[in-house]
Amino acid sequence: MKTVFLKSWLVFVCTLALSAHAADTPRQLVENTSTQMTERLLTDKERVQTQEYYLEQLIDEIILPIVDHRRMAKRVLGKHWKRASKAQQKSFTASFKHKVIRTYAGAFKAFNGEEIRYDPARLNDEGNQALVKSQIIRPGAASIRVDYKLYLNKEKWRVFDVIIEGVSLTKSFRDQVGQSIEQHGLAKTISKLASEYKDEAPEIRLGAHSWGPYLGKTLPNYGLAADIVSAAFAQSGYKVNIEFMPWNRVGDGINSGELDGSLASWYSEERSEHNLFSDAYIENKLVFVKRDNDPFEFESTAQAKAYLQNRSYRLGIFEDYAYGEEFQQISPLFQVESRNYCSQLFRDVASKELDLALVDHWIAQQELNDKEHIADHLTQVSGTLSSRSLHVTIAKNSTQADDLVNAFNLGLRRLKDNGDYQRLLKKHQYPDS
């Protein structure tokens, strides 16, 4: 019976991956998402069999977003839910989510492309709850009945229970939790569950510094760069722990072993001696910012050289950035000065302590749009000096260096293939996305 239950749960979790809008019937949700999930299981069969946390991440990424695990957790805790504090409710819900993922992740490894048949959805009189019945067809064995209960919430269908051969998932868990509460009490039961079912995905420690709209503690998901890197590593079952610090300390942290690598770096031969570079995940276009009344323009390196002859310009850059070959060609034409922060560069150009700043195009747009008192005096120069590719770097002396870089590259390709990469660009309002 346990094997039957696990195989049935496998089919349940295989059916819940796509966004479920009211325009989609519950049956369509079940059938369409079943196809998506089973395809991933078959195409990634080797990784599913060998990488435990990849499988758990797959469940979390595809299935859990449209399963109302909070409502399920509330039903499991039953009458004890109101007795629990908000902190206990939050802890129990998180633990319940990991319990569901971990308890049944093993069933995925047994998936072998079984046929699933679905009956038409049955709606209640109000049209806001649905029951979808299905059968798992097993050659040479009795079929297994699996029913799904869904409800309509803010124009989206969400699953709140699954019934396998007449046994409710939430009731089964509720009986287990209820027995534990009787024996140990509510607080100890929640604490024990939190200890047993916490997120144990392997962590990667990456250093980062605040950098315009790309990275920052106060930005949504820490900014676009952090969002892409975290999502790409998550595809392989890794959790990224981002530690913000001044840029010069990132290198120190990598050298000391405190960090596994850097979240965002431009390539240089010097850095490549000690670090492995991932595939590029963003292109940074380098542009000049000047005061409104300054005649400086940039069309080409040759044009800039001709204009700057017999002129003295102070150019502001970030300290210890790998600006690349194009910058090395023109830097002797300027009096180059370093600054630590974006705001310093723009402020110093506006106050005439610098004549120009060399920055990423998106940073220039953001700074000039957001800071009116400075933007009134500054403008972005047309023309791009160069493009620099943004990479994750992992210290070569790390025993996991090759594995981590390969995991990121694979995850990045998958994000681009499934459309999530483009969605992240739009979510953060990246230019031309």
Side-chain angles (χ1 to χ4, degrees), residues 199 201-236 238-268 270-271 274-278 280-284 286 316-323 338-348 357-367 369-371 388-395 397-398 400-401 404-405 407-408 411-412 415 421 424-425 427-430:
D199 188 356
E203 282 194 356
I204 305 168
R205 299 162 300 166
L206 297 180
H209 69 294
S210 295
W211 190 44
Y214 292 100
L215 285 166
K217 285 185 178 181
T218 61
L219 297 174
N221 292 347
Y222 296 143
L224 174 60
D227 221 355
I228 291 175
V229 170
S230 296
F233 272 118
Q235 292 284 328
S236 296
Y238 290 95
K239 181 180 179 180
V240 177
N241 182 6
I242 303 172
E243 298 186 25
F244 283 92
M245 58 187 69
W247 174 243
N248 58 356
R249 282 188 51 206
V250 174
D252 294 339
I254 295 173
N255 294 335
S256 68
E258 176 188 350
L259 300 172
D260 294 307
S262 165
L263 189 144
S265 293
W266 291 337
Y267 177 85
S268 73
E270 181 182 355
R271 291 175 182 171
H274 305 287
N275 300 279
L276 294 182
F277 279 73
S278 73
Y281 63 90
I282 292 179
E283 288 294 320
N284 300 121
L286 299 184
I317 64 171
F318 285 111
E319 186 174 4
D320 198 30
Y321 272 34
Y323 281 92
S338 298
R339 300 291 189 270
N340 294 320
Y341 305 101
C342 292
S343 57
Q344 282 183 301
L345 287 173
F346 288 84
R347 187 172 58 247
D348 287 356
L358 183 62
V359 296
D360 167 78
H361 70 299
W362 193 23
I363 291 178
Q365 289 181 22
Q366 291 282 85
E367 287 286 329
N369 288 336
D370 294 346
K371 296 182 173 59
R388 303 293 291 149
S389 300
L390 208 56
H391 306 261
V392 170
T393 62
I394 303 295
N397 59 12
S398 169
Q400 304 180 80
L404 292 178
V405 169
F408 175 82
L412 181 62
L415 290 180
Y421 178 83
L424 286 174
L425 296 182
K427 169 185 169 184
H428 291 271
Q429 301 178 335
Y430 183 73

To the closest 0.5 Å, what do you measure between [atom1] ([X]) and [atom2] ([Y])?
{"X": "I394", "Y": "Q400", "atom1": "CD1", "atom2": "CD", "value": "9.0 Å"}
{"X": "H391", "Y": "Y281", "atom1": "NE2", "atom2": "OH", "value": "9.5 Å"}
{"X": "N275", "Y": "D260", "atom1": "CG", "atom2": "CG", "value": "11.5 Å"}
{"X": "W247", "Y": "S210", "atom1": "CH2", "atom2": "OG", "value": "13.0 Å"}
{"X": "I282", "Y": "I228", "atom1": "CD1", "atom2": "CD1", "value": "4.0 Å"}
{"X": "I204", "Y": "I242", "atom1": "CD1", "atom2": "CD1", "value": "10.5 Å"}

Shortest non-hydrogen separation from L215 to A264 and the atoms involved: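 Minimum heavy-atom contact is CD1-CB, 3.9 Å.
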If every non-hydrogen atom of L415 is compared with every non-hydrogen atom of A232, which pair is closest and at what distance?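 The answer is CD1-N, 3.6 Å.
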Can you name the residues that form a ring-ring contact (aromatic ring centres under 6.0 Å, His included) with Y421, not counting sequence neighbours?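 Listed in chain order: nothing, the list is empty.
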Going by ring-ring contact (aromatic ring centres under 6.0 Å, His included), name the residues that satisfy it together with Y214, two or more places apart in sequence or in a different chain.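 ring-ring contact (aromatic ring centres under 6.0 Å, His included) check on Y214 returns W211, W362.
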Under 6.0 Å from the CD atom of E319, do we count more than 12 heavy atoms belonging to anything else shown?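 Check fails, neighbour count at 12 or below.
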Does atom CZ of F277 have more than 12 heavy-atom neighbours from other groups under 6.0 Å away?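 Yes, the 6.0 Å shell around CZ holds more than 12 heavy atoms from other groups.
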Please answer whether the main-chain N or O of [Y] pairs with a side-chain N or O of [X] as donor and acceptor at a distance below 3.5 Å.
{"X": "S256", "Y": "G253", "value": "yes"}
{"X": "S236", "Y": "Y238", "value": "no"}
{"X": "R205", "Y": "G257", "value": "yes"}

Can you find a heavy atom in the side chain of [X] that is under 4.5 Å from one in the side chain of [Y]?
{"X": "L390", "Y": "W266", "value": "yes"}
{"X": "Y430", "Y": "L424", "value": "no"}
{"X": "I254", "Y": "S262", "value": "yes"}

Going through the checks in order, is the side chain to side chain contact (heavy atoms under 4.5 Å, CB included) test met by L412 and F408? CA-CA 6 Å; L412 181 62; F408 175 82; 4.0 Å; yes
Where do T393 and R271 land on the side chain to side chain contact (heavy atoms under 4.5 Å, CB included) test, with the steps shown first? CA-CA 9 Å; T393 62; R271 291 175 182 171; over 6 Å; no
